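In the text below, chain A, chain B and the rest are named by the order of the sequence lines, each starting its count at 1. Since this is a predicted model, take the numbers as computed values, not measurements.
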Number of protein chains: 2
Amino acid sequence: MVSELIMTVTDRNTEEIILEAACTIFFQKGFAGARMQEIADSAGINKALLHYYYRSKDQLFEAVFNRALISFLPTIKIALEAEMPLTQKIAKFVENYVDVLIANPHIPAFVIHELNTDPNRVVLKLKSHGVDPRIILRQVDEAIAAGEIRAINGEHFLINLLSLCIFPFVARPVAQGILQKSNEEYTLFLQQRKSEILEFVMQSIKAS
Amino acid sequence: MVSELIMTVTDRNTEEIILEAACTIFFQKGFAGARMQEIADSAGINKALLHYYYRSKDQLFEAVFNRALISFLPTIKIALEAEMPLTQKIAKFVENYVDVLIANPHIPAFVIHELNTDPNRVVLKLKSHGVDPRIILRQVDEAIAAGEIRAINGEHFLINLLSLCIFPFVARPVAQGILQKSNEEYTLFLQQRKSEILEFVMQSIKAS
DNA sequence: ATTTGGTTTAACCAGATGGTCAAAAGTACA
DNA sequence: TGTACTTTTGACCATCTGGTTAAACCAAAT
């Protein structure tokens with residue numbers, strides 16, 4: 001019993017070290033650009049050990065992709081599907097989501113690229129973790145009917161909200177270049193966006 | 001003289017065929033995921049011919065990347081740097097830019113991924129073609145001073161505008177999945193965004 | 001017809017890459 | 001200590017991949 005516990009702990013450690021190294025490399029270079037050897041080096045272990053824990057590059061990648069989704073979808077899911085007054089919900093979503101993005105800035109570009117490269121690979125997974133837009137779409141329509149906001153298209157509104165939150169992270173090099181900001185300045189800029197996005201959106205949808 | 005002309009034409013044709021095939025493959029799979037053999041097959045030629053016209057994968061990629069930038073930056077540049085009343089300028093920009101995106105839907109994700117993977121590779125090129133944000137930033141401040149729009153932060157506004165236009169293209173698989181739309185439905189959705197974005201933005205910045 | 005020039009191809013090469021294997025190292029337990 | 005077990009490693013392999021080369025091809029000019 002003791003031995004099992006200890007071994008399991010050791011397992012988890014090495015497995016976890018590998019997975020973290022794999023995340024770093026895969027997030028930055030994508031599936032095709034990542035090298036097993038580089039991941040092994042980054043984890044400080046032998047390449048054969050990668051295959052001992054994760055049998056192939058594909059399976060290691062899948063573990064990484066899962067972790068990427070798990071870091072993101074729950075937050076967006078809870079925020080969008082919760083029953084809560086719309087304006088309050090929007091505020092909470094923007095704040096939570098941008099915080100998650102600041103903590104994991106490389107994940108969106110990674111997921112987007114892999115999904116564009118091979119939409120079939122994990123489309124099922126996306127659906128299983130899937131975000132259900134119906135609740136917030138209904139809330140938008142109700143808020144319009146109640147005269148709380150002006151008449152807007154819920155689907156476009158939802159995509160607008162996501163665009164405003166996520167795009168500055170995926171396009172960071174371009175945006176930072178256009179605005180000619182240093183890393184520190186751009187990081188601050190991203191922090192400010194929480195309030196900027198909220199104000200921008202609220203001004204746009206308020207009943208006139 | 002005649003022979004030169006004919007040869008040049010032939011050159012251009014093969015070169016162009018290769019470049020177009022390379023664009024298709026590189027745009028979809030990125031630099032690391034693209035295979036020279038696949039590009040050759042797609043162009044219907046021998047692999048050695050790729051190296052005859054473009055000496056290496058790197059140089060072929062650079063030609064592709066150049067073409068990608070040339071498809072995009074002029075439009076955004078002209079639109080943003082033109083001297084034109086702000087609201088009119090915004091309208092023109094959204095319309096023109098979304099049209100360019102519809103015509104070249106894969107380019108933004110491609111550029112973003114390559115820039116994230118290796119920011120150094122072409123950062124110089126981005127700067128040489130660089131968009132100068134100062135003109136539109138000044139226009140925003142002037143419009144605020146003139147009471148035409150409410151007080152907003154120009155930099156955030158510029159990023160908001162770009163986010164709303166570009167993100168639905170780079171994140172198409174995700175967005176299409178969330179909204180549960182078919183390809184045709186999503187294409188229509190993208191068309192509608194021209195007016196939707198414009199209204200969303202205008203409502204947000206109008207003087208209250 | 002022969003030569004001359006660019007164009008296209010098949011065959012080939014060296015190095016990289018994902019993956020395997022048998023042996024070594026470490027660990028708990030008798 | 002010796003045994004049974006998992007973990008870790010160095011060496012190795014088959015294949016893939018970017019790139020080269022020499023020869024074939026072809027159109028135009030002499």
Side-chain angles (χ1 to χ4, degrees), chain A residues 1-65 114 117-118 121-122, chain B residues 1-65 114 117-118 121-122:
Chain A
M1 271 157 61
V2 176
S3 74
E4 265 181 29
L5 185 62
I6 289 175
M7 282 193 294
T8 305
V9 168
T10 319
D11 270 18
R12 286 266 155 77
N13 276 346
T14 314
E15 223 173 303
E16 182 60 24
I17 288 171
I18 292 175
L19 190 56
E20 270 164 33
C23 280
T24 305
I25 305 293
F26 274 129
F27 287 169
Q28 199 201 343
K29 310 202 168 182
F31 178 81
R35 300 286 159 248
M36 293 297 269
Q37 185 62 58
E38 199 182 354
I39 294 171
D41 291 347
S42 165
I45 54 151
N46 189 287
K47 186 181 58 148
L49 206 53
L50 291 184
H51 293 85
Y52 177 77
Y53 283 102
Y54 305 84
R55 296 189 57 85
S56 66
K57 189 184 183 185
D58 281 273
Q59 284 186 44
L60 178 56
F61 176 82
E62 210 185 304
V64 168
F65 199 93
E114 296 304 332
T117 302
D118 182 359
R121 169 170 278 152
V122 268
Chain B
M1 273 158 65
V2 175
S3 74
E4 265 180 29
L5 184 63
I6 290 176
M7 282 193 294
T8 306
V9 168
T10 320
D11 270 19
R12 285 267 157 75
N13 277 345
T14 314
E15 224 174 300
E16 181 60 24
I17 289 171
I18 292 175
L19 189 56
E20 269 165 33
C23 279
T24 305
I25 306 294
F26 274 130
F27 286 170
Q28 199 201 342
K29 310 201 169 182
F31 178 82
R35 299 285 159 250
M36 294 297 269
Q37 185 62 57
E38 198 181 357
I39 294 172
D41 291 347
S42 166
I45 55 151
N46 189 285
K47 186 181 58 151
L49 206 53
L50 292 183
H51 292 86
Y52 178 77
Y53 283 101
Y54 305 85
R55 297 189 55 86
S56 65
K57 189 183 183 185
D58 281 274
Q59 283 186 46
L60 179 55
F61 176 82
E62 209 184 305
V64 168
F65 199 92
E114 296 304 332
T117 301
D118 183 359
R121 169 170 279 151
V122 269

Are OP1 or OP2 of D/dG18 and a side-chain N or O of B/Ser56 less than 4.0 angstrom apart?
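Checking B/Ser56 against D/dG18: no side-chain N or O falls below 4.0 Å of OP1 or OP2.
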
Can you see if the side chain of B/Tyr53 gets near the phosphate of C/dT8 - specifically, an N or O under 4.0 Å from OP1 or OP2?
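Result: yes.
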
Tell me: [atom1] of [X] to [atom2] of [N], nearest whole Å?
{"X": "B/Leu49", "N": "C/dT9", "atom1": "CG", "atom2": "P", "result": "6 Å"}
{"X": "A/His51", "N": "D/dG10", "atom1": "NE2", "atom2": "P", "result": "16 Å"}
{"X": "A/Tyr54", "N": "C/dT20", "atom1": "OH", "atom2": "P", "result": "17 Å"}
{"X": "A/Lys47", "N": "D/dC13", "atom1": "NZ", "atom2": "P", "result": "13 Å"}
{"X": "A/Leu60", "N": "C/dT17", "atom1": "CG", "atom2": "P", "result": "16 Å"}
{"X": "A/Ile25", "N": "C/dG18", "atom1": "CD1", "atom2": "C1'", "result": "16 Å"}

Distance-only donor-acceptor pairs under 3.5 Å for side chains of residues 40-49 of chain A, two or more places apart:
from	atom 1	to	atom 2	distance (Å)
A/Asp41	OD1	A/Gln37	NE2	3.0
A/Asn46	OD1	A/Ala48	N	2.7

For the side chain of A/Ala48, starting at C-beta, report the closest nucleotide among D/dG19, D/dT9, D/dT8.
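The answer is D/dT9, which lies nearest to the side chain.
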
Check every atom of D/dT6, C/dG6, D/dT20 against the side chain of B/Tyr52 and return the nucleotide holding the closest atom.
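Of the candidates, C/dG6 comes closest.
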
Could you walk me through whether A/Val64 and A/Ile25 pass the side chain to side chain contact (heavy atoms under 4.5 Å, CB included) test, one step at a time?
CA-CA 10 Å; A/Val64 168; A/Ile25 305 293; over 6 Å; no

Quick one: does A/Lys57's side chain have a donor or acceptor within less than 3.5 Å of a partner on A/Ala34's backbone?
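Side chain of A/Lys57 to backbone of A/Ala34: a pair is present.
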
With a 4.5 Å cut-off on side-chain heavy atoms, are B/Tyr53 and B/Leu19 touching?
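Answer no - side chains too far apart.
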
So B/Phe61 and B/Phe31, would you call those rings parallel, tilted or perpendicular, with 30° and 60° as cut-offs?
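Because their plane-to-plane angle is over 60°, the rings of B/Phe61 and B/Phe31 count as perpendicular.
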
Quiz item: A/Lys57 side-chain donor-acceptor pair to C/dG19 base, under 3.5 Å
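Side chain to base: no pair below 3.5 Å.
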
Give, ordered by number, those residues of residues 34-46 of chain B having at least one heavy-atom distance below 4.0 Å to an atom of DNA chain C; if nothing qualifies, reply none.
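Hits under 4.0 Å, by residue number: B/Ile45, B/Asn46.
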
To the nearest 0.5 Å, what is the distance between CE on B/Met36 and NE2 on B/His51?
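With rounding to 0.5 Å, CE (B/Met36) is 4.0 Å from NE2 (B/His51).
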
Just verifying a value: how many Å separate A/Ile18 CD1 and A/Cys23 SG, rounded to the nearest 0.5 Å?
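One finds 12.0 Å between CD1 of A/Ile18 and SG of A/Cys23.
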
